[in-house]
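Notes follow the structure.
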Protein chains: 2
Amino acid sequence: MLRLVPDNPARLASCRGPETAVNPFDAAHLPHDSTAPGQAGTQVCDRCGSRIAGLCKPLDAAALDDISSESQQVTLPAHSMVFREGDPAGKVFTLIEGFAKLTRLLPDGKQQVVGFRFAGDVIGYTTLPRYPFDAELLTDAKICRLERPQLDGLLRRYPKLERRMLDLCVQELTATQEQLVTVGRRSAEARVAAFLVSLVEAARRRGPAPRVLEMPMTRADIADFLGLTLETVSRSLTAFRKRGWIREPVHHKVELLNLSAVSALAEGTND
Amino acid sequence: MLRLVPDNPARLASCRGPETAVNPFDAAHLPHDSTAPGQAGTQVCDRCGSRIAGLCKPLDAAALDDISSESQQVTLPAHSMVFREGDPAGKVFTLIEGFAKLTRLLPDGKQQVVGFRFAGDVIGYTTLPRYPFDAELLTDAKICRLERPQLDGLLRRYPKLERRMLDLCVQELTATQEQLVTVGRRSAEARVAAFLVSLVEAARRRGPAPRVLEMPMTRADIADFLGLTLETVSRSLTAFRKRGWIREPVHHKVELLNLSAVSALAEGTND
DNA sequence: CGTGGGATTGACACGACTCAACCCCGGTGG
DNA sequence: CCACCGGGGTTGAGTCGTGTCAATCCCACG
């Protein structure tokens with residue numbers, strides 16, 4: 001669940017300077033070890049400064065030049081919609097920094113969170129004519145944007161890219177099936193525990209996991225992801241807190257004090 | 001495992017035909033890529049006699065010759081395992097006739113059905129080194145089998161095939177997300193109703209839907225798919241029966257007498 | 001200082017699970 | 001030929017986990 005680009009940064013790709021910065025006060029601060037960008041031998045993209053791989057992991061330098069001349073980097077404030085369910089699927093995005101949630105709307109107005117996305121993840125790639133879900137930012141975010149016709153051109157020129165898309169899609173599918181298991185068969189506390197574990201895994205994928213994790217989603221978001229109510233999520237988290245398993249030093253952060261207890265709970269169907 | 005009634009070797013595989021989704025529970029159809037060369041109008045594959053598209057929809061005659069010389073057709077009895085979770089993902093299968101279920105095993109021994117597959121569906125394609133789930137036949141089935149190295153060769157020779165795989169993967173992903181919504185947010189009866197609706201849609205995709213549908217899965221299978229218990233599934237179905245919405249003329253068949261009532265229930269979160 | 005959104009906590013109801021009996025039917029063997 | 005068996009399905013009674021509704025708290029923000 002919470003799929004992610006495998007790991008391994010690699011030259012980033014794309015990203016020409018900011019362009020449609022909806023929000024001027026861009027993200028100058030970031031928790032990452034932002035070692036000087038552009039250094040030889042580093043994993044940092046010399047164009048946009050990100051450590052993240054996104055789409056372009058398998059590409060060589062020429063391809064990167066190519067793709068970066070076609071894409072744009074933008075910064076958006078928290079809660080902006082990257083795209084909406086039903087919009088023509090005309091662009092593909094890579095999340096450079098920040099967090100997003102993907103949601104589907106139900107006829108009765110409720111929402112189901114289909115997944116969360118983290119720095120390095122690709123968002124909105126589909127072969128369907130329209131996006132099948134909303135993508136909303138949970139935090140201020142830096143995003144790399146590529147128009148679909150450009151992407152199709154790149155796909156034609158760099159077959160490796162097509163393979164990469166397929167890999168990403170397979171990973172995402174596997175993660176969603178995993179999530180199906182969680183939602184379908186586990187108790188409320190086990191689901192919340194599984195969610196916390198997946199947060200840790202996502203953080204690890206982005207680099208050495210800090211002791212205190214970002215958790216920018218609200219209880220309601222988590223509930224909509226896990227098929228629970230926000231009250232139940234809240235009760236589970238306070239239960240964990242009382243057992244000394246977690247700590248929430250500030251709003252939107254968690255520390256896992258007893259990861260093995262949490263994972264054990266996540267594995268079993270109950271207890 | 002896999003193997004049993006040996007029989008007509010090779011010469012199958014191909015089969016161009018009506019667009020067929022990988023996942024039966026997927027409503028989305030792809031508009032593009034109808035560029036399949038060759039004689040349009042033929043619904044039946046001249047090689048294996050199947051009406052089903054499987055992988056090969058976008059291929060031309062030469063490619064079909066090529067692929068059909070690399071693949072084999074086998075027939076297997078009900079309840080055989082096509083492959084198991086964790087097996088090296090060395091083959092790809094297309095279901096020519098019959099029904100299958102895909103399941104994941106939980107640590108506590110329970111299973112989650114991640115999907116059912118019908119005639120025309122591709123099974124077991126993944127870029128992962130191992131299959132992420134079991135594939136078990138629900139009925140006797142005819143299957144087209146292709147070794148992974150052969151497939152990779154074909155992918156290299158026919159780039160359109162790679163695109164096709166991606167399309168199939170996207171459809172499957174969309175369908176799984178849909179299922180996530182069903183399992184996460186709907187009442188028991190609504191889930192069962194949604195399942196019945198998806199059965200109808202799957203049948204339609206295979207051709208004009210007969211009044212009486214095949215439903216080879218047991219109550220337990222359905223329950224494991226919907227995140228319910230078999231008793232709850234049974235109760236829901238008898239409730240539908242008593243309301244005159246469905247009929248089960250014989251074991252493993254259903255007739256939907258009031259499809260609109262069933263779909264209405266499937267849409268709402270409750271009632 | 002007031003406002004509002006998010007989070008927590010409690011009381012209560014109800015839907016789905018659990019456990020268990022029973023039915024139906026096909027297969028098997030005495 | 002029939003009794004037995006086992007697997008799938010149905011039905012019922014009782015329990016318990018979550019959902020629901022509502023009050024309260026907390027804190028960031030204007």
Side-chain angles (χ1 to χ4, degrees), chain A residues 25 77-79 101 106 108-113 136 138-140 182-193 195 215-243 246-254 265 268-271, chain B residues 77-79 101 106 108-112 138-139 182-193 195 215-243 246-254 265 268-271:
Chain A
F25 68 74
H79 307 113
K101 66 172 176 184
L106 297 173
D108 62 358
K110 294 185 189 171
Q111 70 169 8
Q112 171 80 26
V113 173
E136 178 183 341
L138 295 170
T139 62
D140 296 345
T182 298
V183 169
R185 298 262 79 131
R186 295 201 222 274
S187 71
E189 286 200 357
R191 292 184 219 183
V192 176
F195 166 74
M215 188 171 68
M217 46 296 274
T218 66
R219 307 302 194 218
D221 290 333
I222 300 170
D224 287 338
F225 182 57
L226 298 174
L228 298 170
T229 60
L230 66 92
E231 292 94 331
T232 301
V233 172
S234 179
R235 279 187 249 268
S236 300
L237 287 174
T238 55
F240 295 170
R241 206 180 306 125
K242 285 183 178 157
R243 287 171 214 162
I246 64 170
R247 229 166 48 89
E248 295 184 276
V250 299
H251 196 51
H252 286 169
K253 300 208 185 250
V254 238
L265 177 49
T269 294
N270 45 50
D271 301 57
Chain B
H79 306 114
K101 67 172 175 182
L106 296 175
D108 62 358
K110 294 185 190 171
Q111 69 169 9
Q112 171 79 28
L138 295 171
T139 62
T182 297
V183 170
R185 298 263 78 133
R186 295 202 222 274
S187 70
E189 285 200 358
R191 292 185 219 183
V192 176
F195 166 74
M215 187 171 68
M217 44 295 274
T218 66
R219 307 304 195 214
D221 291 333
I222 300 171
D224 287 338
F225 181 56
L226 298 174
L228 298 170
T229 60
L230 65 92
E231 292 95 330
T232 301
V233 171
S234 179
R235 278 187 249 269
S236 300
L237 287 174
T238 55
F240 295 170
R241 208 179 307 125
K242 284 183 179 158
R243 288 172 214 159
I246 64 170
R247 228 165 51 87
E248 295 184 277
V250 299
H251 197 49
H252 285 168
K253 301 211 184 246
V254 240
L265 176 49
T269 294
N270 44 51
D271 300 64

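Residue numbers begin at 1 in each chain, while the letters A, B, ... track the order of the sequences.
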Query raised in the report: Can you tell me how far the NE2 atom of H79(A) sits from the OG1 atom of T139(A), to the nearest 0.5 Å?
Result: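 Between atom NE2 of H79(A) and atom OG1 of T139(A) there are 9.0 Å.
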Could you tell me the separation between the [atom1] atom of [X] and the [atom2] atom of [N], rounded to a whole number of Å?
X       : N       : atom1 : atom2 : result
H79(A)  : dG6(C)  : NE2   : C1'   : 11 Å
D224(A) : dA7(C)  : CG    : C1'   : 15 Å
R186(B) : dA16(C) : CZ    : P     : 14 Å
D221(B) : dG7(D)  : CG    : P     : 15 Å
L228(A) : dG19(D) : CG    : C1'   : 10 Å
L226(B) : dC17(C) : CG    : C1'   : 15 Å
K253(A) : dA7(C)  : NZ    : C1'   : 19 Å

Kindly give the atom pairs (protein nitrogen or oxygen, nucleotide nitrogen or oxygen) under 3.5 Å for nucleotides 21-27 of chain C.
none

I'd like to know if the side chain of [X] and the backbone of [Y] have a donor-acceptor N/O pair within less than 3.5 Å.
X       : Y       : answer
D221(B) : T218(B) : yes
Q112(B) : D224(B) : yes
S234(B) : L230(B) : no

Query raised in the report: Quick one: does E248(B)'s side chain get under 4.5 Å of F240(B)'s, heavy atoms only?
Result: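 No, too far: nothing below the 4.5 Å cut-off.
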**Report entry** Of R219(A), E231(A), E189(A), R241(A), the residue whose pairing with S236(A) passes side chain to side chain contact (heavy atoms under 4.5 Å, CB included)
**Finding:** E189(A)
Requested in this report: Only one of L265(B), T232(B), L228(B), I222(B) passes side chain to side chain contact (heavy atoms under 4.5 Å, CB included) with R191(B); say which it is.
Outcome: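 Looking at L265(B), T232(B), L228(B), I222(B), the match for R191(B) under the side chain to side chain contact (heavy atoms under 4.5 Å, CB included) is L228(B).
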Query - Stepwise side-chain contact (heavy atoms from CB on, under 4.5 Å) check, K101(A) with Q111(A) - result: CA-CA 11 Å; K101(A) 66 172 176 184; Q111(A) 70 169 8; 3.6 Å; yes
Sort me out a list of protein N/O and nucleotides 8-15 of chain C N/O pairs below 3.5 Å, or just none if empty.
residue : atom : partner : partner atom : Å
dT8(C)  : OP1  : R219(A) : NH2          : 3.1
dT8(C)  : OP1  : R241(A) : NH2          : 2.7
dT8(C)  : OP2  : R219(A) : NE           : 2.8
dT8(C)  : OP2  : R219(A) : NH2          : 3.3
dT8(C)  : OP2  : S234(A) : OG           : 2.7
dT8(C)  : O5'  : S234(A) : OG           : 3.3
dG10(C) : N7   : R235(A) : NH1          : 2.9
dG10(C) : O6   : R235(A) : NH2          : 3.3

Query raised in the report: Out of dC17(C), dG19(D), dG8(D), which nucleotide sits closest to the side chain of T218(B)?
Result: dG8(D)
Query raised in the report: Do you know which two heavy atoms are closest between L237(B) and I246(B), and how far apart they sit?
Result: O-CD1, 3.7 Å
